[in-house]
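Counting from 1, the numbers follow the sequence of the chain as shown. Please read all numbers here as calculations on a predicted model, not as lab measurements. Only heavy atoms go into these numbers, but all of them, side chains included; no hydrogens, no water, no symmetry mates.
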Amino acid sequence: MAAARTADTRPRIDEALVRRLVDTRFPQWAGLPLQLLDPAGSDHVIYRLGEELSVRLPRHVGAVGQARKESQWLPRLAPHLPLAIPVPVGVGDPGFGYPWPWAVSRWLDGEVATVDALGDSSSAAVELAQFLAALQRFAPEDIPAGDTREDLTGRPLSDRDSATRAAIAEVDGVFDTTAMTELWNAALSAPAWDRPPVWCHGDFHTGNLLTSDGRLSAVIDFGGLGMGDPACDLMIAFTLMSADSRAAFRDALGVDDATWTRGRGWALATGLNAYTSYAAVDPRVAAQTTRQITQALIG
């Protein structure tokens, strides 16, 4: 299964291509230097452009559409959120053999959050709960309550059932298969979100948090932004937090038992997906997803 996900025809993205795209679409920035950001994640190649900008280009077809979605919504979301987010300043068209839209955004300084720095911090956990609460309250006038645009509709957890069960079987002997199956069954059986859909980050994990001077400073990578069940964003509790800070996070956000159980299911499913796809070739991902899976099993 992992081989099928990586055996695609991804475009070659190098500095020469990015230079030509930027200089052609945004000549006002043609003189600014480019610096590759590495690692940048599985969905995008990212270059810093000068001191104040970044260029973000999808690596594969699954990330196409994120540039235009973020360009539409992040400038509107930013004033309502207690942490900085990347605000797009332009969307570029395909060109020079590169097939998809790409984006230029404001650069956010900071270091990627780590468990060692923030895992035991209840204050950081509460800050993240406050961020999610503010995101969930966002209510733009052009989307009536209860009516979600198709491009913002989040996938239900049940869509991951087949892939997750296959991944559980694949990692038999690495993790506790019985415990994973029990958690997954519980998450799918938990009462569904029965309130209006709320805004969700969609990929809310440690790698998408930035810190400055030891404090949370920004949330990045809103490619999964959408509306639906907020349980998907609870994965941060299992990628970053310890038992004590996780309890503070849950209390601050006011998460009920059913939503918490679905959130554990989201953490398990996304952790297994990343583990089976990348752990064999990326020790960093192996360590992060191992923690995510084991913490989800603890609850």
Side-chain angles (χ1 to χ4, degrees), residues 66 69-89 103 105-113 117-119 121-149 151-155 193-241 245-260 262-264 266-267 270:
Q66 295 182 14
K69 179 170 67 174
E70 292 185 355
S71 179
Q72 179 179 5
W73 291 107
L74 296 194
R76 300 170 66 179
L77 274 167
H80 302 277
L81 300 176
L83 294 170
I85 63 175
V87 177
V89 295
S105 298
R106 295 293 179 192
W107 177 262
L108 292 172
D109 278 319
E111 300 179 352
V112 175
L118 294 179
S121 173
S122 292
S123 62
V126 170
E127 279 189 89
L128 290 171
Q130 292 169 341
F131 177 89
L132 289 180
L135 177 62
Q136 292 169 14
R137 287 194 300 269
F138 179 63
E141 294 179 356
D142 52 352
I143 298 185
D147 181 21
T148 306
R149 282 179 18 173
D151 64 331
L152 295 173
T153 302
R155 292 174 53 195
W193 182 253
D194 58 0
R195 282 161 273 176
V198 296
W199 285 81
C200 307
H201 179 278
D203 197 20
F204 202 55
H205 61 74
T206 310
N208 288 332
L209 303 178
L210 298 183
T211 65
S212 180
D213 297 325
R215 293 183 57 86
L216 288 165
S217 59
V219 178
I220 60 175
D221 195 353
F222 282 75
L225 181 69
M227 298 176 68
D229 178 2
C232 65
D233 281 345
L234 299 182
M235 74 173 76
I236 190 61
F238 309 98
T239 62
L240 178 66
M241 301 173 194
S245 59
R246 191 152 58 231
F249 169 81
R250 181 177 178 179
D251 183 64
L253 196 53
V255 182
D256 60 77
D257 288 345
T259 303
W260 191 254
R262 295 194 308 277
R264 292 175 64 199
W266 275 104
T270 55

| query | What residue pairs, at least two apart or across chains, pass salt bridge (Lys or Arg N to Asp or Glu O under 4.0 Å) with a residue in residues 125-136? | reply | Glu127-Arg215
| Can you check whether Lys69 reaches Leu152 side chain to side chain, under 4.5 Å on heavy atoms? | yes
| field | Contacts of Ser71 that satisfy side chain to side chain donor-acceptor pair (under 3.5 Å) - sequence neighbours left out | value | none
| task | Work out which heavy atom in Pro88 is nearest to a heavy atom in Leu74; give both atom names and the distance. | result | CD-CB, 3.8 Å
| field | CG-CG distance between Leu210 and Leu83, expressed to the nearest 0.5 angstrom | value | 10.0 Å
| Can you name the closest pair of heavy atoms from Pro75 and Glu70 and give their distance? | CD-O, 3.6 Å
| Should the ring pair Phe138 and Trp73 be called parallel, tilted or perpendicular, given that the plane angle runs from 0 to 90° and is split at 30 and 60? | perpendicular
| task | Name all residues meeting the side chain to side chain donor-acceptor pair (under 3.5 Å) criterion together with Arg264; count only those two or more places apart in sequence or in a different chain, and write none if there are none. | result | none
| Heavy-atom side-chain contact between Leu77 and Leu225 under 4.5 Å | yes
| message | Can you tell me which residue among Phe249, Trp260, Phe204 is in a ring-ring contact (aromatic ring centres under 6.0 Å, His included) with Phe238? | response | Trp260
| request: Please report the closest heavy-atom contact between His80 and Ala134, naming both atoms and the distance. | output: O-CB, 3.6 Å
| query | Does the pair Leu135 and Asp233 meet the rule for a side-chain contact (heavy atoms from CB on, under 4.5 Å), with working shown? | reply | CA-CA 11 Å; Leu135 177 62; Asp233 281 345; 4.2 Å; yes
| message | Would you say that Ile236 contacts Met241 through its side chain, given a criterion of any heavy-atom pair below 4.5 Å between the two side chains? | response | yes
| note | Between Ala252 and Ala129 the two heavy atoms that sit nearest each other are CB-CB, 3.7 Å
| message | Would the distance check show the side chain of Asn208 and the main-chain N or O of Asp203 forming a donor-acceptor pair, the cut-off being under 3.5 Å? | response | yes
| request: Mark yes or no for whether Thr211, through its side chain, and Gly214, through its backbone, hold a donor-acceptor pair below 3.5 Å. | output: no
| field | salt bridge (charged side-chain N to carboxylate O under 4.0 Å, His left out) partners of Asp257, counting only residues at least two apart | value | Arg250
| request: Check side chain to side chain donor-acceptor pair (under 3.5 Å) between Thr206 and all other residues, then give those that pass, not counting sequence neighbours. | output: Thr239
| Given His201, which of Phe222, Trp266, Phe131 fulfils the ring-ring contact (aromatic ring centres under 6.0 Å, His included) condition? | Phe222
| said: If I take atom CD1 from residue Ile85 and atom CG from residue Leu108, how far apart are they, to the nearest 0.5 angstrom? | reply: 9.0 Å
| query | Per the side-chain contact (heavy atoms from CB on, under 4.5 Å) rule, which among Ile220, Val112, Leu128 passes with Leu209? | reply | Leu128
| Rounded to the nearest 0.5 Å, how far does CG of Leu216 lie from CG of Asp213? | 12.5 Å
| field | Nearest heavy atoms of Gly202 and Met235, plus distance in Å | value | O-CE, 4.5 Å
| query | Any side-chain heavy-atom pair from Ser122 and Ser245 closer than 4.5 angstrom? | reply | yes
| message | Show the nearest heavy-atom pair for residues Ala78 and Val87, with the distance to one decimal. | response | CB-CG2, 4.1 Å
| query | Listed by chain and number, what are the side chain to side chain donor-acceptor pair (under 3.5 Å) partners of Asp109, not counting sequence neighbours? | reply | Trp107
